[in-house]
Amino acid sequence: MRQLESVTSEAFAPFGTVLEFPVKCREDFVIVDTEEKGGWRVAVFRYQNKEIRRIENHPFSKESFEPLEGITVLLVAGHDTPEEYRAFVLDKPICLKKGIWHQVLTLTPEASVKITENREVESVFYEYDTAKSVMI
Ligand SMILES: NC(=O)N[C@@H](O)C(=O)O
């Protein structure tokens with residue numbers, strides 16, 4: 001079980017980018033993250049699970065998670081340390097780096113996110129010995 005953390009650009013930096021305007025930015029349009037090449041797709045994903053047993057990563061694709069409904073907790077871990085996961089309340093949109101372990105659970109009956117990722121996305125899975133949840 002892990003303590004919940006807030007999504008801030010500092011706390012989330014090892015795992016990816018917070019999709020927000022940079023501090024003191026006066027522009028109306030800012031590209032906050034991008035891919036060098038390749039097509040992408042947009043998906044919606046909904047879930048009811050309060051714990052997870054399996055975490056995944058996409059070695060060749062970044063992936064955005066943008067909260068739509070409910071309260072989502074995003075579990076993330078560095079590529080070489082899947083057991084050392086952290087748990088963020090997803091109250092703002094983020095974009096994961098390639099290869100970051102991740103999975104979602106919800107604190108509400110159901111939650112959903114918008115996902116953007118490469119059109120062709122490979123997934124790798126890691127099974128935990130015990131179910132993982134969060135302290136609130
Ligand atoms: N469950 C989950 O995080 N899925 C995503 O990574 C996805 O690619 O759909």
Side-chain angles (χ1 to χ4, degrees):
M1 200 172 297
R2 289 288 190 279
Q3 190 75 46
L4 277 175
E5 299 181 58
S6 294
V7 173
T8 63
S9 52
E10 294 76 26
F12 205 73
F15 310 108
T17 312
V18 181
L19 304 184
E20 63 186 1
F21 284 91
V23 176
K24 294 184 182 163
C25 173
R26 292 189 149 319
E27 304 299 320
D28 293 328
F29 181 89
V30 178
I31 296 172
V32 288
D33 208 324
T34 187
E35 284 285 17
E36 299 80 39
K37 57 183 179 182
W40 48 273
R41 67 185 186 188
V42 174
V44 286
F45 179 37
R46 62 185 167 195
Y47 30 87
Q48 294 88 28
N49 56 298
K50 311 295 180 211
E51 56 182 36
I52 62 150
R53 283 194 164 270
R54 192 167 87 153
I55 198 163
E56 66 184 83
N57 85 61
H58 309 302
F60 309 112
S61 181
K62 295 181 180 182
E63 180 175 9
S64 77
F65 284 82
E66 303 166 54
L68 295 176
E69 293 181 311
I71 300 177
T72 290
V73 174
L74 179 67
L75 272 55
V76 287
H79 184 261
D80 299 327
T81 53
E83 293 283 342
E84 293 172 27
Y85 69 92
R86 289 165 65 181
F88 290 91
V89 180
L90 196 71
D91 58 355
K92 57 184 82 157
I94 59 85
C95 186
L96 293 175
K97 296 177 181 177
K98 295 173 187 171
I100 291 293
W101 294 105
H102 62 275
Q103 196 49 273
V104 287
L105 55 85
T106 179
L107 301 181
T108 43
E110 183 172 279
S112 60
V113 289
K114 173 186 158 198
I115 285 174
T116 309
E117 60 192 352
N118 284 170
R119 188 187 303 270
E120 306 295 334
V121 60
E122 273 183 42
S123 300
V124 181
F125 299 97
Y126 179 88
E127 304 281 341
Y128 289 121
D129 288 342
T130 56
K132 305 300 182 192
S133 58
V134 294
M135 291 179 257
I136 47 174

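For clarity, every value in this text was computed on a predicted model and none was experimentally measured. Whatever order the structure lists ligands and atoms in, that order sets their numbers, starting from 1. Reckoned from all heavy atoms, side chains included, excluding hydrogens, waters and symmetry mates.
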Would you say K62 and S64 are linked by a side-chain donor-acceptor pair, where the criterion is simply a distance under 3.5 Å? no
State which residues pass ring-ring contact (aromatic ring centres under 6.0 Å, His included) with F12; sequence neighbours excluded, sorted by chain then number. F15, F88
For ligand 1, run through the N/O pairs with the protein that fall under 3.5 Å and put one pair on each line.
residue, atom, partner, partner atom, Å
ligand 1, 1 (N), E56, OE1, 3.4
ligand 1, 1 (N), Q103, OE1, 2.8
ligand 1, 6 (O), E56, OE2, 3.1
ligand 1, 6 (O), H58, NE2, 2.8
ligand 1, 6 (O), E63, OE1, 2.9
ligand 1, 6 (O), E63, OE2, 3.0
ligand 1, 6 (O), H102, NE2, 2.8
ligand 1, 8 (O), H58, NE2, 3.2
ligand 1, 8 (O), E63, OE2, 3.3
ligand 1, 8 (O), E117, OE1, 2.7
ligand 1, 8 (O), E117, OE2, 3.4

Quiz item: cation-pi between R54 and F125, 6.0 Å / 45°: yes
Check whether L90 and F45 end up in the same hydrophobic cluster, where Ile, Leu, Val, Met, Phe, Trp and Tyr are linked by side-chain heavy atoms less than 4.5 Å apart. yes
With a 3.5 Å distance limit and no angle check, can you tell me whether T108 reaches the backbone of I71 through a side-chain donor-acceptor pair? yes
Looking at every heavy atom in both S61 and N118, which two are closest together, and how far apart are they? OG-N, 2.9 Å
